[in-house]
K.L.:
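Here it is: the structure, laid out below.
Note that the structure is a prediction, hence the values are computed from the model and not measured. Per chain, numbering begins at 1; letters A, B, ... match sequence-line order.
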Amino acid sequence: MLETKTTPFRYDESLESALSHIENLLKDSYSVSKRTVSLLLLQGDPEIERRVRKQEASSYTSIQRIVSEARANYNQPISYVIALRRQQEAKRILSTTVTKKEKFGIGFAERLSRTMMNPVTGSLILLIVLYFGLYQFVGVIGAGILVDFIESTVFGEWVNPWVTDFVVGLVPLQIIQDLFIGKYGIVTLGLSYAIAIILPIVTTFFIVFSIIEDSGYLPRLAMLIDRVFKTIGLSGRAVIPMVLGFGCDTMATIVTRTQETRRERVITTLLLALAIPCSAQLGVIFAILSGNGLALITWVMAVALVLLLIGYLASKVIPGERASFYIEVPPLRLPKLSNILVKTYSRLQWYFIEVLPFFIMASILLWIGELTGLFNLAISGLEPVVKLIGLPAEAAVVFLYGFFRRDFGAAGLYDLHSSGELLGVPLVVAAVVLTLFIPCIAQVMVMLKERGIKTALAMTLFIFPFAFLVGFVLNLILTKLGVSL
Amino acid sequence: MELEEKAEELLETIWICTEEGTEDSLAVVGLREEEKEATEQLLKVDYIMATDGHLRLTKRGRPVARNVVRRHRLAERLLTDVLGTSDMLLHEKACKFEHLLDRGLDESICSLLGHPKICPHSKPIPPGGCCQQERAPAPKLVSPLSRLSPRQKGKVAYIYATESSQLQKLMAMGILPGASISLIRGFPSYVFQIGQTQFAVDKEIAKAIYVRLVEPETISETQEELPHGRGRGCRLRRFGRWWSKRS
C-alpha cells in the first residue's frame, strides 16, 4: 500500500476533517492511499464509490453521511473546490521556481495559426490543403501515376503472366484455374485490385493525413467548421473522424468512440457510411472525373448536399443531448518524417489485415456466383434499377461489386470508364450513387459492433435505396436541364 | 418611499424564505427587537401583511423585495469580482452596499459586471430590465468571454456552468478563477489563450466563463516603454511616434 512520505498539502478545515473521518473508516486496503480514496469519494468518483461500497460493507453508510455533510458545506461541487485549492498550490510552486521571460509580438507559427482560424483565409488554406493534399497527391500521384504503374506494369507485365503460367502448369482444370487467374480470380482480381489500386491510394492518403495530424491543423479546422457541424447535430470535434473517413470509413467509424454523446456517434456513423467517400473511391473518382472539371464539381456538390441534408434531418430526428464543442489548439509544428512514416506504416498494416481477406473472399464469392449463375441472376435483377437512373446495363456489374466493397466497385467503374462505356452524365450519376453506398462489408461489420444491430440495420436499409433515389433525381435534373458533362 | 436598512433587510429575508425557500411565510416569533420596528414600517407602506404571527409579502412588496435581493447579490459580485473582498467580510459589506445601489445604479453595476446570473454563493440573481437587452453596451469590468472583443485580456473571475458536465470540461481545461485569459478570436468559434495553452470553444461554453477585464490601455503603455519590441503592433507604434515627432 502506498502512503505518502511527505505531508500532503492541506485543503481547508472542513474538508480536512471530512477527509480524516473517512480515512479512519476505511479499513480495507486499496492500490492508492486512503487519502486519495477519500478525496475521490468526496468528488463523487463512480468507480471508487463502487469499490468502497463493496469493500467497506459495514461502514459504507457512515462514509456516505460524511460525504453528503461535506458537500452541504459548499456552494460549489467539491471537485471544483479541490481543483481551486490545487491550482492555488500549483501557482505558489510555480511562482517560487519558474521565471517567465515576457515575449512580445507574435512569431511566424502563431501568425500562421491565426490565418488558419480566420474564416476567409482559413477557407483558402483549406482549399489549398484539399487541392494539393487530396487532389494532387492522392488523386493524381496515388490514383493516377502509381496505380497505372503497379497495375499495368507490375501486375500486367510481370505478376499476372508469371502466375498464369504457374497455375496453368500446376492444375489442368479450367474451373480451378479460373479461381486464381480468371476474370474474378484471386490473383488477377482480388490481389491485383488490393495491391495495384487500393494500396497506392491508401498509402498516399495516410501520408497526407499523418502530416495534417502532426502539424496541428485539425483542431484549427474543427474550430472553423464547428458552426456548420452544429447544424448537422455534430460539433467541430467530428472533423477528426470525418477527415479520417476520407481515408477509410471503417477505421473512422471506430474512431467515433472519441465523441462525447451517443447522438453524435450515431450521426457521424450514418454520415460516414453515406456521404464520406473513402480514399480508394476518391482516388478512382478523381481519376475518372479529373479530365472533366464540371463533372467533378457536380459530384462534389451532389454529395455535399446529401451530407448536409441528411445530417440536418438526422439532427432533428435523433434524440439526445446537443453537442458541445471544446478543443485544445496546440501550437503548429513541423511534422517529423520518422513519425509520419511510423504512423503511415501502422495504419497500412491495420488496413491490410482488415482488407485483404475481404478482397480474397469477394473474389471467391464472385467466382462461385459466376459458376452457379447466381451472379448473372443478380445482375439481371439490378439492370432495371440501373437503367432507371440512366446508366448502361453493364453498370449493374459495378454496383454488384460495390456491395462487396465500395472501392471494389469504384475500381470496376474505373475499368468501365477507361473502356469508354461510361461517360458524361451517367458517369457522374454512377459516381454519386456509388459514393453514397455503404463502403464495404467490413464497415457493415464495424457498424454492427459499434452501434448495435438495430441502428446498423436501420442505416443499411435506409442507405441503399436512398443512394439509388438520389441517383434517379440527379439524373432527372441533369437530363431535364440538358446539361452535358 | 425610502426604506431604512433594517426594513430592506427584513424584506430580503422574507423574500428568500418564501420565494426561494419552501416556506410560505416568515414566523414573527424568531424576530429580534429592531426587526419588529422594521415590521411596523413595512406594514404601514403595505409591503407585507401579518396573519397569525406570520409575515407574507404583498403584491406591492414582492417586486421591491426582489429588487433588494438583486441589489444585495450584485453588491456581493461587485465586492468579490472587482474589489477582491474576502469571503468573511462579504455578507456584511454587501448589506451596507446594497442600500447605496439606488434605482438605476443597480443597472449600471449589473452592466459593468456583465449581467451576472449568480452571486458568489451560487444563488441566482433576479434579472433586471438591463439583463433582457442583448444589445447593451460592451461590459467594462467583468464580462462573459462570449462578449469580449479579440485581444481583450483579463483574469477568470468565476464560472457560471449550467451543467456539471460543463464545469468538468472547464476545469479540465484549467479554466479556474484567477487564471489569465485573453480572447484571440470570437468568430466562427471562440479561441482564447489561458496560461500557456490555447483552446477553441463554442458559444455555450464561452458564455459560462466570466472574465475580470484588464484595461487594454495599461498593457499598451507598458509595451510602449520597451526599446526592442517586435511584431506589427510595436512597429506601428514606433512608426506613429516617428510620424508625430516629424510633423
K.L.:
Between the side chain of A/E328 and the main-chain N/O of B/A200, is any donor-acceptor distance below 3.5 Å?
P.N.:
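No, the answer is negative, given that no donor and acceptor are paired below the 3.5 Å cut-off.
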K.L.:
Less than 4.5 Å to any heavy atom of chain A: does that hold for the side chain of B/A206, its backbone, both, or neither?
P.N.:
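Contact with chain A: none, neither part.
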K.L.:
Show the nearest heavy-atom pair for residues B/F187 and A/M223, with the distance to one decimal.
P.N.:
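Nearest pair, atom of B/F187 first, then A/M223: O-CE, 3.9 Å.
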K.L.:
Can you give me the closest heavy-atom contact between B/I205 and A/Y326, atom names plus distance?
P.N.:
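Looking at all heavy atoms of both residues, the closest pair is CD1-CB, 3.8 Å.
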K.L.:
If you compare all heavy atoms of B/G174 against all heavy atoms of A/Q87, which two are closest, and at what distance to 0.1 Å?
P.N.:
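Closest approach of B/G174 to A/Q87: O-OE1, 4.1 Å.
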K.L.:
Taking atom types as modelled and ignoring hydrogens, do the side chains of A/E110 and B/Q198 form a donor-acceptor contact shorter than 3.5 angstrom?
P.N.:
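Yes, a side-chain donor-acceptor pair sits under 3.5 Å.
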K.L.:
For a 4.5 angstrom cut-off between non-hydrogen side-chain atoms, does B/P188 reach A/D226?
P.N.:
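No; the side chains remain at least 4.5 Å from each other.
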K.L.:
Among B/K123, B/K169, B/Q166, which residue has the highest count of heavy-atom pairs closer than 4.5 Å to chain A?
P.N.:
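Option with the greatest count: B/K169.
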K.L.:
Against chain B, label A/A323 side chain, backbone, both or neither, depending on which of its atoms sit under 4.5 Å from a heavy atom there.
P.N.:
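Backbone of A/A323 only, per the 4.5 Å heavy-atom cut-off to chain B.
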K.L.:
Could you please state which residues from residues 229-243 of chain A sit under 4.5 angstrom from chain B, measuring non-hydrogen atom to non-hydrogen atom, sorted by number, or 'none'?
P.N.:
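Under the 4.5 Å heavy-atom cut-off, A/K230 qualify.
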K.L.:
What residue, out of B/P177, B/A179, B/G178, has the most heavy-atom pairs lying under 4.5 Å from chain A?
P.N.:
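Result: the option with the highest number of such pairs is B/P177.
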K.L.:
Give the minimum heavy-atom separation between A/S79 and B/Q168, together with the two atoms involved.
P.N.:
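So the two residues come closest at OG-NE2, 3.5 Å.
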K.L.:
For residues B/S122 and A/Y74, determine if any side-chain heavy atom of one lies less than 4.5 Å from a side-chain heavy atom of the other.
P.N.:
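B/S122 does not reach A/Y74 side chain to side chain.
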K.L.:
Is the shortest side-chain heavy-atom distance between B/L176 and A/Y80 below 4.5 Å?
P.N.:
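Counting from C-beta outward, B/L176 and A/Y80 do come under 4.5 Å.
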K.L.:
Do B/D202 side-chain atoms and A/S324 backbone N/O form a donor-acceptor pair below 3.5 Å?
P.N.:
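No: the side chain of B/D202 does not pair with the backbone of A/S324.
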K.L.:
So do A/F325 and B/E204 actually touch side chain to side chain, heavy atoms under 4.5 Å?
P.N.:
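Counting from C-beta outward, B/E204 and A/F325 never come under 4.5 Å.
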K.L.:
Can you tell which of B/V201, B/V191, B/I159 has the highest number of heavy-atom pairs within less than 4.5 Å of chain A?
P.N.:
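It is B/V201.
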K.L.:
What pairs of donor and acceptor atoms, side-chain ones from residues 10-18 of chain B against any protein atom, are under 3.5 angstrom apart with sequence neighbours left out?
P.N.:
| from | atom 1 | to | atom 2 | distance (Å) |
| --- | --- | --- | --- | --- |
| B/T13 | OG1 | B/E9 | O | 2.7 |
| B/T18 | OG1 | B/I14 | O | 2.8 |

